[in-house]
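Structure, as structure tokens:
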There are 2 protein chains.
Amino acid sequence: MYIHIFVTSFETRPRVRIEDEIKQQQFKNEYQKAYINLMLTSSRLQVQQAALFKPFGLTLPQFNILRILRGQYPKPATISLLIERMMDKTSNASRIVDRLEAKELVTRKQCPNDRRTVDVLITEKALALLKKMDGCEGGRETGIANLTDSEARELNRILDKIRT
Amino acid sequence: MYIHIFVTSFETRPRVRIEDEIKQQQFKNEYQKAYINLMLTSSRLQVQQAALFKPFGLTLPQFNILRILRGQYPKPATISLLIERMMDKTSNASRIVDRLEAKELVTRKQCPNDRRTVDVLITEKALALLKKMDGCEGGRETGIANLTDSEARELNRILDKIRT
DNA sequence: GTACATTAAATGTATATACATATATTTGTG
DNA sequence: CACAAATATATGTATATACATTTAATGTAC
């Protein structure tokens with residue numbers, strides 16, 4: 001997975017388990033610890049999620065695009081719409097669609113109404129693939145499942161506050 | 001920043017602010033919501049952190065390596081040690097060191113004791129740079145600062161549980 | 001001490017991010 | 001209508017991740 005971890009604190013100790021690393025740390029304060037903890041945890045979850053996806057031959061961004069396209073189906077989506085929904089505006093939807101097209105998971109053709117735009121449509125093959133993948137999604141098979149329902153709720157509240 | 005967001009839910013609505021996106025969602029459960037929320041939040045924080053680093057001409061992985069090297073200073077570090085401490089075992093320390101070397105922020109020379117290994121040493125130039133950067137670190141200037149101390153503590157507890 | 005395994009680092013390739021620029025088309029304004 | 005601005009997509013380049021392979025040096029077994 002792709003994540004940059006900005007860690008100021010792993011400078012002087014040997015590596016053990018990541019959680020041990022953190023526990024041994026002396027952080028400047030709870031905020032710094034929370035920051036690093038958040039990066040580590042999201043990285044960990046992404047690795048778990050990617051492992052679930054791997055047998056199906058899709059990367060996470062590719063899967064994400066396919067999910068958006070399925071949401072539109074049977075209507076096509078433009079690249080702009082994909083970028084909008086992807087929420088990572090700087091990621092490159094064109095090239096991810098290139099790869100999906102190469103795998104015959106989407107088709108791409110110029111839109112007649114506005115010839116600047118492209119109609120991207122998910123194929124039957126991709127719909128079948130997604131159907132098989134429904135289940136290994138959304139963190140239920142990751143460490144998130146360790147939480148109680150109220151802890152998940154509290155986590156959501158705190159994360160919302162961070163993004164406020 | 002590099003983060004893959006696995007979002008099953010942004011398939012049918014127009015994009016507004018990310019937090020609005022989430023609020024409008026109907027998630028399968030709190031777990032799915034927490035998963036997505038975690039990805040979004042860490043992504044957001046990384047973008048904020050990267051923006052702080054940009055004026056100094058360093059990427060986050062490069063900064064991270066330099067911090068490790070400063071922790072070792074005046075001793076050198078081998079590539080193996082950097083990988084160990086980076087905690088992203090699959091990331092490519094050799095090539096990150098290449099770039100730091102090109103910027104004259106580290107030196108690299110074969111270790112005489114074990115000629116397989118390389119001594120990577122942080123330069124004075126890099127130490128001065130890091131000194132200037134001390135301050136824009138650890139999330140204090142990011143959304144983490146929105147939390148109270150006890151919220152940060154609770155967040156840490158919950159994240160630890162996820163990684164258990 | 002040679003042969004084989006192990007280790008350290010570098011290199012190769014595919015994918016993705018981050019950001020700038022190019023190209024084609026449409027829209028808007030005079 | 002002509003021409004500039006805006007829009008949609010694609011392309012280029014640097015960096016990083018993810019993973020496999022290569023190369024050199026060391027360690028170990030016989």
Side-chain angles (χ1 to χ4, degrees), chain A residues 1-6 39 42-44 46-51 53-55 57-65 76-84 86-103 105-106 108-120, chain B residues 1-6 39 42-44 46-51 53-55 57-65 76-84 86-103 105-106 108-120:
Chain A
M1 303 315 322
Y2 290 37
I3 191 163
H4 292 169
I5 301 170
F6 163 45
M39 297 301 146
S42 73
S43 173
R44 179 81 64 94
Q46 284 187 83
V47 168
Q48 291 176 358
Q49 189 68 66
F53 283 179
K54 198 169 182 185
L58 285 186
T59 65
L60 265 61
Q62 289 169 11
F63 180 84
N64 192 15
I65 293 281
T78 62
I79 298 289
S80 301
L81 184 135
L82 294 177
I83 293 171
E84 208 175 53
M86 277 173 69
M87 221 170 358
D88 206 335
K89 299 185 297 275
T90 64
S91 122
N92 206 318
S94 277
R95 279 184 277 226
I96 297 175
V97 169
D98 284 347
R99 280 153 210 143
L100 292 173
E101 197 178 15
K103 296 181 201 170
L105 297 174
V106 306
R108 174 157 49 178
K109 66 165 197 275
Q110 196 178 46
C111 174
N113 305 338
D114 182 343
R115 286 182 307 174
R116 287 172 304 184
T117 69
V118 175
D119 279 346
V120 182
Chain B
M1 301 319 319
Y2 291 38
I3 191 163
H4 293 170
I5 301 171
F6 163 45
M39 297 302 146
S42 73
S43 173
R44 179 80 64 94
Q46 283 188 84
V47 168
Q48 292 175 359
Q49 189 68 64
F53 283 180
K54 199 168 181 186
L58 285 185
T59 65
L60 265 61
Q62 289 169 9
F63 180 85
N64 193 14
I65 293 281
T78 62
I79 297 289
S80 300
L81 183 136
L82 294 177
I83 292 171
E84 209 176 52
M86 277 173 68
M87 218 172 359
D88 206 336
K89 298 184 299 274
T90 64
S91 123
N92 205 318
S94 277
R95 280 184 276 227
I96 297 174
V97 169
D98 284 347
R99 279 154 211 142
L100 292 172
E101 196 178 16
K103 296 181 200 171
L105 297 174
V106 305
R108 174 158 48 179
K109 65 167 198 276
Q110 197 178 45
C111 174
N113 305 337
D114 183 342
R115 285 182 309 172
R116 287 172 304 182
T117 69
V118 175
D119 278 346
V120 182

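Residue numbers start from 1 in every chain, and the chains themselves are labelled A, B, ... in the order their sequence lines are given, proteins ahead of strands.
- The nearest whole Å value for the distance from the CG atom in A:N113 to the C1' atom in C:dT27 is 16 Å.
- Remark: A:R95 is not in phosphate contact with C:dT17, judged by side-chain N or O atoms under 4.0 Å from OP1 or OP2.
- Annotation: side-chain contact (heavy atoms from CB on, under 4.5 Å) contacts of A:Q110 (sequence neighbours excluded): A:R115.
- With sequence neighbours excluded, no residue satisfies salt bridge (Lys or Arg N to Asp or Glu O under 4.0 Å) with B:D119.
- Here B:S91 reaches the OP1 or OP2 of D:dT17: one of its side-chain N or O atoms lies under 4.0 Å away.
- Listed pair A:Q62 / C:dA16 meets the phosphate criterion, a side-chain N or O lying under 4.0 Å from OP1 or OP2.
- Protein atom CD of A:Q110 is 11 Å distant from nucleotide atom C1' of D:dA8, rounded to whole Å.
- Distance, A:I96 CD1 to D:dT11 P: 15 Å, rounded to whole Å.
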_Working for side chain to side chain contact (heavy atoms under 4.5 Å, CB included), residues B:L82 and B:I96_ = CA-CA 10 Å; B:L82 294 177; B:I96 297 174; over 6 Å; no
Anything under 3.5 Å between a protein N or O and an N or O of nucleotides 7-9 of chain C, put it in a table, one pair a line.
{"residue": "C:dT7", "atom": "O2", "partner": "B:R116", "partner atom": "NH1", "Å": "3.1"}
{"residue": "C:dA9", "atom": "OP1", "partner": "B:I79", "partner atom": "N", "Å": "3.2"}
{"residue": "C:dA9", "atom": "OP1", "partner": "B:V118", "partner atom": "N", "Å": "3.1"}
{"residue": "C:dA9", "atom": "OP2", "partner": "B:S80", "partner atom": "N", "Å": "2.5"}
{"residue": "C:dA9", "atom": "OP2", "partner": "B:S80", "partner atom": "OG", "Å": "2.2"}

*Would B:V120 and B:I65 satisfy side chain to side chain contact (heavy atoms under 4.5 Å, CB included), going step by step from the backbone distance to the final call?*
CA-CA 10 Å; B:V120 182; B:I65 293 281; 5.9 Å; no
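- Atom pair A:F53:CZ and C:dA16:P shows a separation of 13 Å (rounding to whole Å applied).
- Between the NZ atom of B:K54 and the C1' atom of D:dA16 there is a distance of 16 Å, rounded to whole Å.
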*asked:* Run A:L100 and A:R108 through side chain to side chain contact (heavy atoms under 4.5 Å, CB included) and show every step you take.
replied: CA-CA 10 Å; A:L100 292 173; A:R108 174 157 49 178; over 6 Å; no
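- Protein atom CZ of A:F63 is 18 Å distant from nucleotide atom P of C:dT15, rounded to whole Å.
- Residue contacts shown for B:N92 include a base, since a base heavy atom lies under 4.0 Å away.
- When the P atom of D:dA16 is taken as reference, atom CG of B:L58 falls 9 Å away, rounded to whole Å.
- Atom-to-atom, CG of A:L60 to C1' of C:dA14 comes out at 16 Å; the value is rounded to the nearest Å.
- Of all heavy-atom pairs between A:S91 and A:M86, the closest is OG-CE, 2.6 Å.
- In this structure, CZ on A:F53 lies 11.0 Å from CD on A:Q62, to the nearest 0.5 angstrom.
- In terms of phosphate contacts, B:R115 brings a side-chain nitrogen or oxygen within less than 4.0 Å of OP1 or OP2 of D:dT26.
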